[in-house]
Amino acid sequence: MLIYERPEAVKRKAEQLKQSGENIYIQPLEFRLFGGTFFWIRYYKKEENWYLIVDKEGNVPPRDKKVDDLLIAGLSVGSAYNDLNFNEKMSKKKDDIRFKKYLPLLQKVKEFITVQNPVLLDDFSQFEKLIHTTIELQPKMRQGFKEMERLGKFFHRNRYITDELYDEFRKIHYATVKYGFLPGYEQVKSYPARKKVISYLFRCGKISWAIKLWFLHIQFQSDNLEPEQQKDFDQMYQIFIEGNRGEVEEYMLRHCRNPE
């Protein structure tokens, strides 16, 4: 990885505003946005974080919409270059190709339930929607992560982002994360329904169907997530289902050290 030396004026200002016991992280990226060149700084101490935007001369702009936008830019752009391996891994996921093989079986199960127990069709439709959502969105997610990987490598090499690059990044980033989240959302939401469908097939003697769907079922998330998973899930739910800002963004904006 290239070594990027932050400007001395930026480092001095970051040190001046550091509080007792805090550590400093200055993102190794120039934000050439909104008519200036800025740096994104995070102060961290145990569980608490504070954030600061300074320009390349070490001046601290007053808190306004531009500063808020720069804070959010620093948070989101970090996902493109802080974990290039993750972006590469996600760009190669091919669950959709594997799940297409289950479509003939799902059609048989649907026809069987329609005749034998139509009350169960709502539960089956949740199972079916999960598979179709993954098949539809995962190719888009793969392409999005390839683009994220490309931009991340550019940021690593050049250590700056412009208004044009940021506009491109935002469009790709939001859509890509959404494409990745929605199948997971359907997994969590459909967990009880999937169990009902599989249990019914076992009771009806459709053992081979039930076993095949059970192997598929256990690859998906349940509705009993680990605390850290639940936190991430709630964050994404707020953004992509409720249409609100996520808690991470809200926390960062509450903990901005730029003066009002």
Side-chain angles (χ1 to χ4, degrees), residues 85-149 171-244 246:
N85 291 334
F86 176 78
N87 292 337
E88 182 181 6
K89 176 183 174 183
M90 295 300 288
S91 73
K92 295 178 179 178
K93 282 180 71 72
K94 295 183 178 179
D95 294 331
D96 56 301
I97 296 172
R98 185 161 47 87
F99 293 166
K100 283 180 181 178
K101 298 176 182 178
Y102 284 88
L103 293 179
L105 172 59
L106 287 171
Q107 184 59 35
K108 291 179 183 177
V109 172
K110 184 176 185 177
E111 292 170 358
F112 177 76
I113 290 174
T114 299
V115 173
Q116 299 297 327
N117 189 5
V119 175
L120 200 61
L121 279 173
D122 284 344
D123 294 296
F124 175 80
S125 68
Q126 292 185 51
F127 203 151
E128 187 179 42
K129 185 180 179 183
L130 162 59
I131 302 302
H132 283 288
T133 299
T134 304
I135 291 171
E136 176 190 358
L137 297 184
Q138 199 165 87
K140 298 177 183 179
M141 183 199 76
R142 274 199 303 273
Q143 184 59 38
F145 274 108
K146 286 179 183 176
E147 293 298 309
M148 294 261 286
E149 185 184 7
K171 291 173 185 174
I172 295 169
H173 180 254
Y174 182 88
T176 300
V177 177
K178 184 175 183 177
Y179 295 149
F181 170 71
L182 290 179
Y185 171 66
E186 295 297 337
Q187 289 179 29
V188 172
K189 189 174 71 169
S190 67
Y191 181 71
R194 300 197 315 262
K195 289 175 63 178
K196 280 186 188 178
V197 170
I198 293 167
S199 296
Y200 175 73
L201 293 175
F202 273 120
R203 292 198 305 273
C204 291
K206 296 293 185 180
I207 307 301
S208 64
W209 290 1
I211 290 174
K212 288 175 183 177
L213 290 185
W214 179 79
F215 274 115
L216 185 61
H217 164 73
I218 61 175
Q219 297 174 52
F220 298 136
Q221 295 183 86
S222 75
D223 55 1
N224 183 25
L225 302 177
E226 296 292 328
E228 204 55 40
Q229 289 178 313
Q230 187 66 56
K231 183 179 177 181
D232 291 341
F233 179 87
D234 292 343
Q235 163 86 355
M236 295 296 102
Y237 183 89
Q238 283 295 314
I239 295 170
F240 297 118
I241 305 301
E242 296 290 335
N244 301 321

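Computed from a prediction, not measured in an experiment: that's the story for all the values here.
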Measure from the ring center of Phe99 to the ring center of His132 and say whether it is less than 6.0 Å. no
List the residues meeting side chain to side chain donor-acceptor pair (under 3.5 Å) with Gln116, not counting sequence neighbours, and say none if there are none. none
Below 6.0 angstrom between ring centroids: does that apply to Phe145 and Phe86? yes
4.5 Å side-chain heavy-atom contact, Gln229 and Phe233: no
Please round to the nearest 0.5 Å and tell me the distance separating atom CG of Leu213 and atom CZ of Phe124. 8.0 Å
Name each donor-acceptor pair under 3.5 Å that joins a side chain in residues 196-203 to protein atoms two or more places apart or in another chain, with its distance.
{"residue": "Ser199", "atom": "OG", "partner": "Lys195", "partner atom": "O", "Å": "2.9"}

The salt bridge (charged side-chain N to carboxylate O under 4.0 Å, His left out) partners of Arg142 (sequence neighbours excluded) come to Asp96
Can you name the closest pair of heavy atoms from Ser222 and Val188 and give their distance? O-CG2, 3.7 Å
Do Phe112 and Trp209 have side-chain heavy atoms sitting under 4.5 Å apart? yes
Side chain to side chain, Asp95 and Arg98, heavy atoms closer than 4.5 Å: yes
Residue pair Val119 / Ile113, side-chain heavy-atom distance below 4.5 Å: no
So does Glu149 pair up with Lys146, basic N to acidic O under 4.0 Å? no
Those residues that, when tested against Ser190, pass side chain to side chain contact (heavy atoms under 4.5 Å, CB included) (two or more places apart): Gln126, Leu130, Arg194
Heavy-atom nearest pair, Gly144 first then Ile172, reads O-CG2, 3.6 Å
Are the side chains of Lys189 and Lys129 in touch, meaning some heavy atoms are under 4.5 Å apart? yes
If you measure from CD1 on Ile218 to CZ on Phe220, what distance do you get to the nearest 0.5 Å? 10.5 Å
Residues in side chain to side chain donor-acceptor pair (under 3.5 Å) with Gln238, at least two apart? Asn244
Would you please name every residue forming a salt bridge (charged side-chain N to carboxylate O under 4.0 Å, His left out) with Lys171, sequence neighbours left out? none
Closest non-hydrogen atoms of Lys94 and Gln138, given as atom of the first, atom of the second and distance, are C-OE1, 3.4 Å
